[in-house]
Every structure is written in C-alpha cells, then in structure tokens.
There are 4 protein chains.
Amino acid sequence: MIKVGIIGATGYAGAEIVRLLMGHKDAEIVWYGSRSFIDQKYSDIYGNMFKLVDAKCMDDNMDELSKAVDVIFTATPQGLCASLVNEEVLSKVKIIDLSADFRLKDVKVYEQWYKIEHKAPQYIEEAVYGLCEINRDKIKNTRILANPGCYTTTSILTAYPLVKEGLIDPNTLIVDALSGVSGAGRGAKVANLYCEVNESAKPYGVATHRHTPEIEEQLGYAAGQEIKINFTPHLAPMNRGILATEYATLVKKDGKLPTYEEVRAAYEKYYAKEKFIRLLDKDVYPETRWVENSNFVDIGFKIDERTGRIIMMGALDNLVKGAAGQAVQNMNIMFGLPEEEGLLFAPCFP
Amino acid sequence: MIKVGIIGATGYAGAEIVRLLMGHKDAEIVWYGSRSFIDQKYSDIYGNMFKLVDAKCMDDNMDELSKAVDVIFTATPQGLCASLVNEEVLSKVKIIDLSADFRLKDVKVYEQWYKIEHKAPQYIEEAVYGLCEINRDKIKNTRILANPGCYTTTSILTAYPLVKEGLIDPNTLIVDALSGVSGAGRGAKVANLYCEVNESAKPYGVATHRHTPEIEEQLGYAAGQEIKINFTPHLAPMNRGILATEYATLVKKDGKLPTYEEVRAAYEKYYAKEKFIRLLDKDVYPETRWVENSNFVDIGFKIDERTGRIIMMGALDNLVKGAAGQAVQNMNIMFGLPEEEGLLFAPCFP
Amino acid sequence: MIKVGIIGATGYAGAEIVRLLMGHKDAEIVWYGSRSFIDQKYSDIYGNMFKLVDAKCMDDNMDELSKAVDVIFTATPQGLCASLVNEEVLSKVKIIDLSADFRLKDVKVYEQWYKIEHKAPQYIEEAVYGLCEINRDKIKNTRILANPGCYTTTSILTAYPLVKEGLIDPNTLIVDALSGVSGAGRGAKVANLYCEVNESAKPYGVATHRHTPEIEEQLGYAAGQEIKINFTPHLAPMNRGILATEYATLVKKDGKLPTYEEVRAAYEKYYAKEKFIRLLDKDVYPETRWVENSNFVDIGFKIDERTGRIIMMGALDNLVKGAAGQAVQNMNIMFGLPEEEGLLFAPCFP
Amino acid sequence: MIKVGIIGATGYAGAEIVRLLMGHKDAEIVWYGSRSFIDQKYSDIYGNMFKLVDAKCMDDNMDELSKAVDVIFTATPQGLCASLVNEEVLSKVKIIDLSADFRLKDVKVYEQWYKIEHKAPQYIEEAVYGLCEINRDKIKNTRILANPGCYTTTSILTAYPLVKEGLIDPNTLIVDALSGVSGAGRGAKVANLYCEVNESAKPYGVATHRHTPEIEEQLGYAAGQEIKINFTPHLAPMNRGILATEYATLVKKDGKLPTYEEVRAAYEKYYAKEKFIRLLDKDVYPETRWVENSNFVDIGFKIDERTGRIIMMGALDNLVKGAAGQAVQNMNIMFGLPEEEGLLFAPCFP
C-alpha cells in the first residue's frame with residue numbers, strides 16, 4: 001500500500017486527489033496538508049467527505065511529511081513546491097507537483113511568465129513532464145514529476161500527432177480554449193463569485209497566459225523546432241471541463257491537402273492503444289459533458305478544404321485528466337502499478 | 001455474475017443504472033432496451049459511453065428478455081411494467097420497477113392519482129416497496145420490487161424515525177421539496193428546454209403531485225394510522241439533487257417539547273448503522289452538492305422552540321439514491337450480495 | 001429633477017438603483033458612494049455602465065452628501081445607516097434605507113436578531129416601513145423610509161390579504177422560500193463562489209433568519225395580534241429571484257373551508273388595482289423567470305381540501321421589487337411622482 | 001404611431017421584439033403572429049407578459065397583415081419570408097426579415113449553404129443587409145431589410161475596421177465564437193434540454209455553419225476582394241450572449257507591425273460616434289455579462305508581437321443587438337425616427 005501525502009488538500013485539485021484515491025486499491029492518504037485549515041476536520045471543509053474521511057488537516061512541513069509517506073502530491077500555487085523540495089526530501093519520497101514549478105525546462109522562461117524567482121532550479125533538469133501518453137517511459141523512473149496544466153494537457157494532446165507527423169505547420173497553430181470555473185481555484189475572489197461568472201463568458205490572459213510557453217515547449221519537441229503559437233483561454237459558466245478548439249494550416253504534399261484518412265491514421269498511430277484517449281468518429285466533436293468526472297480526453301477534427309486549415313478539438317475534465325486524474329495516472333506509472341488503477345470510471349452524465 | 005436487462009436504458013434513470021453497473025463486480029448488462037432507439041449504438045445516444053459500451057439498443061420484449069437475464073430493471077413511464085409482467089416472466093426473473101406501478105397497495109389510489117388503469121393488480125400485493133433502509137427484510141425474497149420515487153425516498157427517510165417514535169404529529173407534516181431537472185426525464189418538451197428552466201424556480205403539481213399518496217402510505221405505516229400531508233415539489237435550475245424541507249409540530253410530553261438529544265436519539269436508533277444515511281452534526285443542514293453523484297442521503301434538523309415545530313431536512317441525488325442507486329442497492333439485497341457493492345463511491349464535488 | 005445620492009453604490013442592490021434611475025425621468029444620481037472604491041471610475045467596477053456612467057466613486061460622508069442631494073439611498077450592511085443619520089441630515093434630505101436598521105419597531109427585537117447595538121433608536125418610531133402597497137399613505141410624508149427585505153416583501157404580500165381578512169390562522173403560517181444568489185451580496189466569500197453554489201441547493205438560517213421578525217411584525221399588524229411563524233430560506237443556483245411557498249390552515253366558517261372564489265375575492269380586494277401585483281389565474285403558479293428584471297410580484301394559490309390548508313405562492317425579482325425597484329417606488333411616493341415612474345418595464349425572458 | 005405586425009412572435013427573437021417595442025414611443029404591435037398558437041392568449045405562452053399584453057396569437061397571413069400594418073417583422077425559420085413576400089405586400093409595408101432569406105446576394109450560395117430553394121430571388125438585389133453601423137444610408141430607403149444573424153453581427157463588427165483599413169490579412173481570419181442557448185430557438189429538441197446543455201460546452205457546425213458565407217460576403221466588401229475565413233461556433237451554458245474571439249495576421253508596413261495606437265485609430269475612425277458600439281479601454285476585453293439585455297456591442301483587442309497576430313474580441317446580446325434590438329434599430333432608421341429610440345436601456349447585471 002502506497003502511503004500518500006497531499007500538500008494543498010483543500011483546493012479543488014487537492015480535493016479531487018482525495019476523492020480519486022478513495023477508489024484506488026493500492027494507495028492510502030495519510031497526510032491531508034492544508035495550511036489554511038490546520039487541525040480542522042477535513043470533512044468540515046468538504047461536506048461530501050462527511051463520514052468518509054475522518055482526518056484533520058495538517059501543515060505543509062515537507063521534511064516531516066517525507067518521513068511518513070512514499071509520495072507527495074503538491075497541489076499548491078506556483079513557487080511553493082520549488083521552495084520546499086530538497087535532496088533530503090527527494091531521497092525519501094517521490095514528488096508529483098501539480099503546480100508549474102518544474103514544467104518548463106528554461107528557468108528564464110519560467111521566471112518571465114510567472115514573475116517569480118525559481119527556488120530550486122537545480123531540479124528542473126531531472127524533473128519529467130508528466131503527460132503520460134507522451135512521456136510514459138521517462139515518468140517511470142523520475143523522482144520529480146511535473147504534472148501538466150489542464151489547458152496544456154488538452155491543447156497538446158489534441159495537436160500532438162499532427163505536429164509530430166508534420167501534417168500541420170506548427171507556427172500557424174491557434175488554440176482557442178474555454179474552461180469551467182473550478183480551474184480558477186477556491187480562493188475568495190469577487191471575480192469568481194457565482195453572480196459574476198454565471199450567465200457570462202469572457203476571454204482572459206489574452207496573449208499572456210502562462211500555459212502558452214508550456215504548450216510551445218512540448219509541441220516544439222514534437223516539431224523538432226522552436227515554435228510560437230496563439231493561445232486564448234475563456235471562462236465559461238460551468239463547474240468542470242476544458243474544451244480546446246485548435247486551428248492550423250495543413251501541409252500540402254504534391255500540392256494536395258492530407259485526406260481525412262491520412263490525418264486519422266496519424267492520430268491512431270499515437271493514440272489507438274491509449275485507454276484514456278478517445279478518438280471520436282468522423283464528424284463527431286468533443287463535448288465536455290461526455291468526459292465529465294472521468295479521466296478521458298475526447299478528440300475530433302475537421303478538415304476545411306476551403307481554407308486549407310484543419311480544426312482539431314479536444315475535451316477533458318480539468319480536475320481529473322487536467323489535474324488530479326493525471327496525477328494519479330502518473331503515480332501509477334511511477335510505482336509500477338497498472339496505469340488505469342483507480343481511474344476506470346465512466347463519465348457521469350447528466 | 002448476475003445478468004441484467006434494462007427496459008428504458010436511454011432515459012436518465014436507465015442510463016444511470018448502466019453507469020453504476022459498470023462499477024459493479026457481480027453484474028453485467030446484456031440487454032439495453034430502448035424502444036425509441038432500437039438497433040442504434042447505445043454510445044451514439046450517450047456519448048459518455050463511447051468506447052465503454054459497445055452494445056446496440058434492443059426492444060422491450062419482456063418475454064424474450066426474461067429468458068436471457070436474471071433481473072430486469074424497468075425504467076419506463078407508469079403503466080408499462082404492469083402491462084408487460086406476467087407469471088411466465090416472473091417465474092424466470094426478478095423485476096425491479098422504477099415506475100410507480102407497484103408502489104401503492106391500493107389500486108384505487110393508484111388509478112385516481114395516475115389516471116390510468118392498472119394492468120396487473122394481481123401482483124400489487126406481493127410487490128415490495130424497496131426503501132432499503134426500512135424494508136430490507138422483505139426485499140430479500142420478493143420477485144417484484146417497487147423502487148421508490150426520488151421525492152418519496154427523501155421525504156420518507158427524513159421524517160420516518162420521528163413519525164415511528166411518535167415525536168411529531170404526522171398530520172401536521174408539510175413537505176416542501178425541490179428537484180434538479182433530470183427528474184423531469186429526457187423527453188423533448190418545451191418546458192424542459194435550457195432557457196425555460198435556467199435562471200428560474202417554480203412550484204408544480206401543487207396539492208396534486210403523485211408522490212403524495214406514496215409518502216402518506218409509507219409514513220402511515222410508521223404512524224400506525226392513515227395520515228394526510230402536504231407535499232409541494234419545485235423545480236430548480238440544476239441537473240441533479242433533491243432537497244426536502246419538512247415541517248411538523250412536535251408532540252409534547254408532560255408539556256415539554258422533545259429536546260435535541262431526544263430527537264437525535266430517534267434518528268440514531270434507525271440510522272446509526274446505515275451506510276448510506278448520514279445524520280449531520282448539530283446545526284449542519286443538507287446541501288445537494290455534498291451528495292451529488294452518490295448513494296448517500298444527508299439528514300439534518302432544527303427544533304424551533306418559538307413555534308413548537310421541527311424542521312427536518314434531507315438531500316440526495318435523484319438519479320442515484322433517488323432512482324438507479326437505490327435500484328442497484330435493492331438488486332444487491334435481492335441477490336444476497338453485499339448491499340453496498342458498486343455503490344461505495346464518494347460524492348463528486350464540485 | 002430630484003438629486004440622488006447612493007451610499008453603497010457598488011453592491012448589487014446599489015448598482016440596481018443606478019441602473020433603474022438611468023431610466024427615470026425625474027431623478028439623477030449625483031453621488032455614487034462606495035467606501036471600498038473611492039476615486040475609482042464606477043464603470044471600472046460595473047462594466048455594463050461603461051460609457052453610460054462617467055462618475056467616480058465617492059465616500060460615505062452623509063453630512064456632506066446631505067447638502068448635495070434631495071434623497072439618500074443607503075444600500076449598506078446593517079448598522080451603517082443608523083450610525084450616520086442625525087437631525088442635521090434629516091433636516092435636509094429624505095433617507096431611503098435598504099438595510100434593516102429601521103424596519104423593526106422594537107429595538108430589542110432588532111438587537112436580538114441582528115446582534116448589534118442600534119445607534120439611532122430615536123428615529124425608529126417615525127420611520128415608515130416601505131411596503132408600498134400596504135403603507136402607501138404613511139410613506140408619502142416620512143423622512144426615513146425603511147425599505148423592506150426581499151424575502152419579507154414576497155412573504156408578506158403573498159399572505160397579507162388572507163391574514164387581514166381572517167381566512168387563515170396566522171400562527172400556522174409556514175414560509176418556505178428560495179432565493180437567487182445576488183441576495184447574498186458581492187462580498188468575496190468562499191461560500192458564494194461559483195463552484196460552491198452552482199448545481200446545489202441548500203437551506204440556511206433555519207429558524208434563525210433575520211427576516212422572520214420582520215414578517216411576524218407586519219403580518220401581526222394585519223392579524224391584529226402577535227404571531228409566530230416559521231420561515232426557512234434556501235439558496236438556489238440562479239442570479240435573481242425569490243420564490244415563497246407559504247402554508248397555512250384555512251379558517252372554517254360554519255364547518256366549511258373558504259372556497260376558491262372567497263379566497264380570490266380577498267386577494268382582489270387588496271390587489272386588484274395594484275400595478276405591480278399580478279394575481280395569477282386559477283391553477284397558475286408563480287415562476288421567477290416571469291418576473292425577472294421587473295418590479296412585479298406574481299401571486300397564486302391552491303386550496304388543499306384534503307388537509308384543510310392553503311398553499312400561497314409569490315415570486316419577485318429580489319434586486320428590483322425586493323430591493324432597488326421598491327426603493328425607487330418609495331421615492332416616487334415620497335416625492336409625489338407617479339408611483340410607477342421608471343419602473344414600467346416588462347420582465348425580461350429568457 | 002407605426003403599426004407593427006410580427007410573424008413568429010412566440011419564438012425567442014419574436015418575443016424580444018414584443019418586449020422591446022413595449023418601451024418604444026412610436027410603435028405599437030397590432031398583430032402577434034404565431035402559427036403554432038393561433039387564438040391562444042400571448043401571455044399564456046410568455047408569462048412575463050401577463051397583464052401587459054392582452055392580445056391573442058394570429059396566423060401568418062401576410063396579405064391580410066400587410067393591410068393592417070406599416071412594417072412586418074418576420075422572425076421565422078429560413079424560407080418562410082421568401083415564400084410569403086410579393087409585390088402586393090411590398091407596395092403596402094416594409095419588411096424586416098430576421099431570417100437569412102435576403103442576407104446573401106448570391107442565390108446559389110444561399111441554396112448551397114441552406115439546402116433549400118429560394119422562393120423570391122427577384123427581391124434579393126434590392127434587399128439591404130441591415131448592419132446599421134455599416135449600411136445606415138442604404139437602410140433608410142429599402143423596402144426589404146435583411147436583419148443580420150447574431151454571430152455575424154458580432155463577427156463582422158469586431159473585424160470590420162481592420163479589414164477596411166487593410167491592417168489585417170482577411171484570408172487569415174479565424175472567428176472562434178460561442179453563444180448562449182437562446183440562439184438555438186424554442187423548438188422542443190432533446191439537444192436543447194436543460195440537462196443536455198447545462199454544465200457542458202461544445203463546438204458545432206464546424207466548417208459548415210451557415211453564418212460563414214454571410215461573414216465572408218460582408219467582410220469581402222470591406223476588403224474589396226473575395227475572402228475565405230474559418231468560423232467555429234460553440235454552445236455555452238447560458239441564456240444569452242455571443243462572444244467572438246477573432247485571429248488574424250497583421251499586415252506589416254516597412255517590416256513593422258501596426259502599433260496599438262494605429263489599430264485603435266482604425267476602430268475609432270468607424271465607431272467613435274456610434275451609440276451602440278463601445279470600444280473598450282486597452283487590455284480590457286468584452287464579457288457577455290456587460291452587454292446582457294442591451295443593444296451594445298463591446299469590442300477589445302490585443303496585439304501579439306510574438307506571433308504577429310492580433311486577437312480581436314466582440315460581445316453582444318444575441319437576442320438584442322444580435323436579433324430584435326438590431327431589427328428595431330433598423331425600423332427606426334427606415335422610418336426616420338431617432339436611431340436609438342426604444343433601445344437606450346443599460347445592460348442588466350447580474
């Protein structure tokens with residue numbers, strides 16, 4: 001039985017790890033870290049856990065914690081994980097960090113987009129970017145796992161095979177995405193009040209959102225070159241869900257656009273055997289309702305011969321495959337368990 | 001492995017049975033009945049089941065079906081189950097009926113409130129009302145299980161111990177309840193369109209709702225007398241959830257109202273050992289978000305000494321404990337399985 | 001042209017006064033008071049007012065303000081208005097207070113339910129409770145207008161004629177109500193975040209909500225006796241709207257329940273000529289969508305002969321008739337303008 | 001007083017015309033046409049109009065209607081207006097058609113995208129595309145006004161000045177838009193049920209949506225050339241609102257991208273004097289909540305120097321500026337009234 005500690009267990013992503021691990025055969029949580037609620041009963045903060053979780057919240061003392069557990073999930077704001085991690089800790093436990101601290105390989109890019117100093121740049125190199133379907137082999141042996149963001153998981157997985165196979169020009173890529181509100185976290189901000197969000201949609205972080213360099217770095221590896229893309233996130237009035245609609249110019253061969261079958265073959269080459277990626281049928285497009293409360297990513301696409309572009313669309317649940325579910329999937333890989341353990345539940349509708 | 005057939009597998013309740021049984025160790029669905037979608041792929045109708053359910057929809061031939069399965073769930077409008085059931089069928093399978101056909105013992109009451117003729121009154125007597133926590137023993141051996149309604153499950157469980165123990169005057173009972181929209185089913189009606197329901201709340205079926213006699217009958221058994229109550233359902237803009245707020249005059253003993261402790265003791269007498277009923281702490285009241293996507297019923301109460309009344313409140317997920325979850329719980333009891341098999345997942349929030 | 005000052009112009013109720021007065025022929029706002037946003041552009045806080053309101057926010061200096069305007073609306077938390085009002089101020093302006101400071105005639109009841117000391121009890125006596133349809137005559141000449149709460153306006157108007165005419169026993173009255181989320185204000189609280197409120201319904205303030213004594217006092221005047229009632233508010237996931245479902249035992253005459261016609265006649269006696277009260281047709285019940293963004297109150301009822309009770313239902317928009325609209329209606333009465341000036345717009349649907 | 005007839009008065013757009021004209025000084029509705037509800041009280045179908053509209057619904061006999069009114073609004077599915085209009089009718093009344101029948105100048109394009117035969121192609125030439133801010137002069141004298149679609153109004157107005165001034169390459173234009181659900185109409189379809197739409201977002205009509213050629217035609221006029229764009233609509237769970245996020249490559253001059261000031265100057269050149277277009281401040285982007293229930297279009301933009309693209313964003317209320325409001329604005333222009341008559345109300349929030 002893997003012993004688990006969570007730092008940030010009372011945020012939405014942390015709470016989702018708690019929920020998912022309740023259905024996991026080989027893991028048990030022994031440390032519910034939450035600086036804001038130390039000594040309060042966890043189920044007083046999350047009423048759904050009444051009679052299911054008896055524990056009280058604990059602090060975020062990583063040294064102490066590293067003696068008690070096998071793996072630590074940090075579901076905390078940027079900067080915290082980097083400020084706590086050290087060799088002593090890493091000699092005892094594996095770290096799965098849901099923040100952005102170890103996602104970007106270039107510390108300057110990190111500091112430029114996140115506007116904070118990186119406190120542990122020495123571990124950036126060895127950290128593995130935990131996009132399971134792409135980096136499975138490297139994930140197996142790492143001590144520090146950088147769990148991808150919700151927008152990035154969707155955006156990268158939706159375009160990856162076509163970038164990798166050279167079917168699209170990566171520098172024409174435009175990612176237009178929307179997210180449910182749980183992605184904004186549980187902080188008490190006017191902007192996230194019910195009446196401010198309900199019955200409205202808005203773009204934000206236009207041309208400046210921090211997930212941009214993460215998408216560029218990962219798809220850049222696939223392209224074999226540095227790329228620059230546009231990424232625009234939007235907030236939509238729903239609890240969960242990410243939907244990415246991505247546009248790119250198709251690369252012609254002998255003056256001809258790739259066919260539906262050629263594009264589909266590229267997707268199948270990479271995803272046909274993946275449990276958690278569902279390549280939709282022709283002319284079917286992803287809807288967030290069909291992946292809600294599941295670890296699935298649904299992907300569809302449409303070639304527009306009029307403009308020579310392809311529209312690629314992906315959807316997932318931002319708290320599951322976009323955060324906690326992928327984190328558990330990474331844990332499974334890191335500990336040699338079946339990758340889908342604890343994650344094989346059907347999407348919940350309606 | 002129990003073989004399961006579902007008639008009405010494409011309604012919301014039927015689809016929830018499908019979803020729940022995917023996580024059940026000892027049951028497998030072999031017949032996805034749906035008259036409206038015969039021969040269509042089930043996952044074309046419920047996209048969440050893409051790559052998870054391969055089957056096509058079948059008709060509702062109960063004779064045929066009874067040869068293929070061990071238990072049949074009928075998640076259909078009133079009247080259908082009664083019109084299909086017969087001795088031949090009952091000799092082969094057990095029936096769990098999610099409609100109201102076998103809930104009321106007095107056929108006249110049924111015909112008066114439902115305005116249809118009952119086609120199989122001969123089976124009313126032997127049918128068992130499947131409120132698991134109250135009728136567990138009778139459920140074990142029945143061939144016909146009448147699965148309670150969503151409003152009724154909430155309303156009855158919330159008041160039952162106090163009625164049974166004589167702490168409240170049952171004829172003063174007023175049940176004011178609200179429901180999410182999935183309770184209205186998946187029929188294409190203007191009244192249930194997004195824009196008609198969203199951003200609005202309304203009462204309906206005032207003093208005439210069909211769940212009224214069901215509550216009266218069951219609480220009447222507990223009271224040991226015929227009772228008459230008021231029940232007013234409301235529609236609220238959310239997918240799932242029933243919340244019942246119930247009022248009754250407390251019965252004084254020696255001129256004194258029962259204390260908090262006495263009332264609590266009554267609740268604990270009946271529910272302390274129940275897995276799926278959570279009696280909340282003092283001054284904590286149920287919220288539908290804390291039971292969503294679970295088989296739990298949360299119950300709280302408040303004594304108002306100014307008026308001599310008690311306010312009892314209960315919440316559940318109408319598609320789980322209010323329909324499919326309770327149906328599976330009943331199946332478990334009927335087949336001698338652990339009662340909580342397939343139902344022990346935590347509520348999903350947010 | 002009446003000059004208007006608002007203290008608390010950036011709360012939801014204050015902002016609704018701003019919006020409504022933009023369509024008012026005889027009033028103009030000259031002071032947008034908001035302690036939290038002094039010197040910030042009003043339209044930076046409420047983007048809907050971009051290019052419509054040029055003013056900046058000002059402080060809540062009532063002495064200064066009273067020299068600049070004819071009427072002051074205080075849309076602020078309990079206690080503030082009472083702490084600012086004085087003879088000097090009242091000699092210059094009229095006050096319309098949207099808080100509870102001057103609603104209850106018994107200062108002890110106020111201090112008991114609101115848990116704060118009343119700073120200006122000497123003005124309680126002369127303040128008029130501004131339920132326009134009931135107290136129109138007294139409103140005309142007052143200097144201090146206590147604008148009723150949203151729940152109270154609904155609850156009182158829905159039951160008033162039947163209490164006044166002795167058709168129901170007022171001590172059997174139970175008010176079960178639900179509100180949209182804007183009633184909770186614009187404060188940054190976790191409990192009001194989108195994901196906490198969305199897809200959920202909950203009771204709160206059970207047997208302790210502060211609107212209870214307000215309803216009891218006003219309906220007590222109508223009954224000619226002190227009364228005690230039950231009032232339970234609920235939060236529902238929608239921006240606006242109050243729906244009250246009220247239960248009471250009908251008073252028999254010569255052993256007979258009042259008829260539909262008798263009850264209807266009582267409602268018509270008081271409301272037939274009222275512009276903003278719509279008595280619905282038989283078997284039609286109020287829905288909040290039909291009054292949204294209007295100053296209307298819709299009222300319906302149903303006699304339940306089985307139990308001898310009547311179910312009365314009322315709906316309004318909590319920010320309009322439940323707050324800002326009624327405040328403007330009161331201003332119109334106080335300044336001798338046509339009562340409906342600025343308020344005659346149709347409800348907005350969907 | 002202009003006499004108005006509406007064909008399709010019980011759809012959402014038709015109902016919005018009804019609501020808007022109640023606040024219009026110079027127009028009165030004398031014919032509430034609705035084939036589905038002939039002889040039923042209008043307020044039985046739209047409860048918000050109880051006590052406000054007394055009329056019953058009438059049929060869609062345009063010949064009869066043309067004798068009774070000065071202007072006819074057709075808020076009906078594609079094809080109906082074209083099938084009813086004739087010289088006799090046009091000799092008596094002006095037609096404002098909210099369907100697509102007269103929006104596209106090339107009848108082949110119409111028939112190809114709408115898959116129906118055009119029944120009155122002889123009137124296409126004289127019909128004027130009623131985008132008020134662009135075509136004001138032509139609108140004044142037309143008999144047939146083609147009222148633009150909701151997506152198209154947003155999409156065109158958001159990009160128009162930059163296309164017209166040659167600041168962007170129009171063939172790189174990608175319009176990614178989302179809409180509230182009222183845009184889907186009031187038909188009883190499973191896809192538009194509350195539970196199907198709530199808590200979900202989805203793309204639809206990918207590369208095939210009928211508003212595409214409408215955008216291409218109008219922006220093509222501005223560009224002075226035929227253009228091809230990508231347009232992807234999405235459905236978001238809210239009643240009202242269109243948000244368009246548009247991407248295009250900026251045209252360099254002397255190797256340099258246009259500056260913020262140059263782009264802003266282009267917008268101001270066309271919109272500075274427009275009452276209903278609000279050009280937002282730098283780094284402020286449109287949100288649908290700020291335009292809800294108003295005739296405003298809010299526009300913002302961001303230059304991305306990294307990619308050489310500009311992101312242009314526009315928002316409006318699909319039932320007001322995207323349908324009924326623009327139709328009334330067009331009526332005002334056609335009848336020589338002040339253009340903003342009946343439309344000068346502030347957006348309603350929350």
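Residue numbers start from 1 in every chain, and the chains themselves are labelled A, B, ... in the order their sequence lines are given, proteins ahead of strands. Since we're looking at a predicted model, the values are computed, not measured.
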Query raised in the report: Regarding A:Q218 and A:T152, is there a side-chain donor-to-acceptor distance under 3.5 Å anywhere?
Result: no
Query raised in the report: Is there a donor in the side chain of D:Y12 and an acceptor in the side chain of D:E16, or the other way round, less than 3.5 Å apart?
Result: no
Side-chain heavy-atom pair [X], [Y] within 4.5 angstrom cut-off:
X      : Y      : result
A:L20  : A:F345 : yes
A:T288 : A:R240 : no
A:E216 : A:K228 : yes
D:H211 : D:R103 : yes
D:L104 : D:P213 : yes

Requested in this report: Could you tell me which residues in residues 230-238 of chain D have at least one non-hydrogen atom under 4.5 Å from a non-hydrogen atom of chain A, sorted by residue number?
Outcome: D:N230, D:T232, D:H234, D:P237, D:M238
**Report entry** Residues of residues 295-306 of chain D with any heavy atom under 4.5 Å of a heavy atom in chain A
**Finding:** D:K302, D:D304, D:R306
Given a strict heavy-atom distance threshold of 4.5 Å, which part of [X] is in contact with chain A: side chain, backbone, both, or neither?
X      : result
D:T212 : side chain
D:N171 : backbone
D:L173 : backbone

**Report entry** Salt-bridge present (A:R210, A:E214; N to O < 4.0 Å)
**Finding:** no
Query raised in the report: With respect to chain D, which residue among A:N198, A:T208, A:I229 yields the maximal number of heavy-atom pairs within a distance under 4.5 Å?
Result: A:I229
**Report entry** Which of A:W290, A:Y247, A:F349 touches chain D most, by non-hydrogen pairs under 4.5 Å
**Finding:** A:Y247
Query - Side-chain donor/acceptor of D:Y267 to backbone N/O of D:T158, under 3.5 Å - result: yes
Report summary line: Pair count under 4.5 Å, heavy atoms only, with chain A: among D:P203, D:A201, D:C195, D:G180, highest is D:A201
